[in-house]
Structure formats: C-alpha cells, structure tokens
Trainee: 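There's a structure below that I have some questions on.
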Amino acid sequence: MSRPPHNEPTPEEIKEKHRLEEALEEGLKETFPASDPVNVTQPPPSRGDSHVKRTD
C-alpha cells in the first residue's frame with residue numbers, strides 16, 4: 001500500500017478526525033447552554049485524584 005501525497009490525510013487520519021468531530025459535537029449538545037467551551041480531551045489526574053481509577 002502506498003502513502004497518499006503528503007498533503008492528503010490517510011484513511012486512519014480521516015477516521016480519527018471524524019471521531020473527534022463527533023465527540024466535540026456530542027459534547028456541545030450535552031453541555032448547551034454553557035459558558036465554558038467544550039474540551040474533547042481529559043486533563044491529567046491531580047494528586048487529589050489518586051484514589052480514582054481511570055478506565056480510558
């Protein structure tokens with residue numbers, strides 16, 4: 001399988017972008033109306049979160 005020209009995304013990159021766009025859209029729908037912008041990524045755990053088990 002050959003790599004597409006450098007300026008065109010791979011099928012995997014297209015899927016990942018689509019997945020992120022869907023996650024952002026869902027976040028916007030779930031939090032509307034809100035004053036804070038939606039963040040698709042999770043922040044790293046703080047020291048106070050040491051007792052919380054993360055599953056992601």
Trainee: At what distance, to the nearest 0.5 angstrom, does CD of E8 lie from CD1 of I14?
Mentor: 8.5 Å
Trainee: Quick one: side-chain contact (heavy atoms from CB on, under 4.5 Å) partners of E25, sequence neighbours excluded?
Mentor: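 E25 satisfies side-chain contact (heavy atoms from CB on, under 4.5 Å) with L28, K29 once adjacent residues are dropped.
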Trainee: With E16, which residues qualify under salt bridge (Lys or Arg N to Asp or Glu O under 4.0 Å), at least two apart?
Mentor: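 If we apply the salt bridge (Lys or Arg N to Asp or Glu O under 4.0 Å) test to E16, skipping adjacent residues, the hits are R19.
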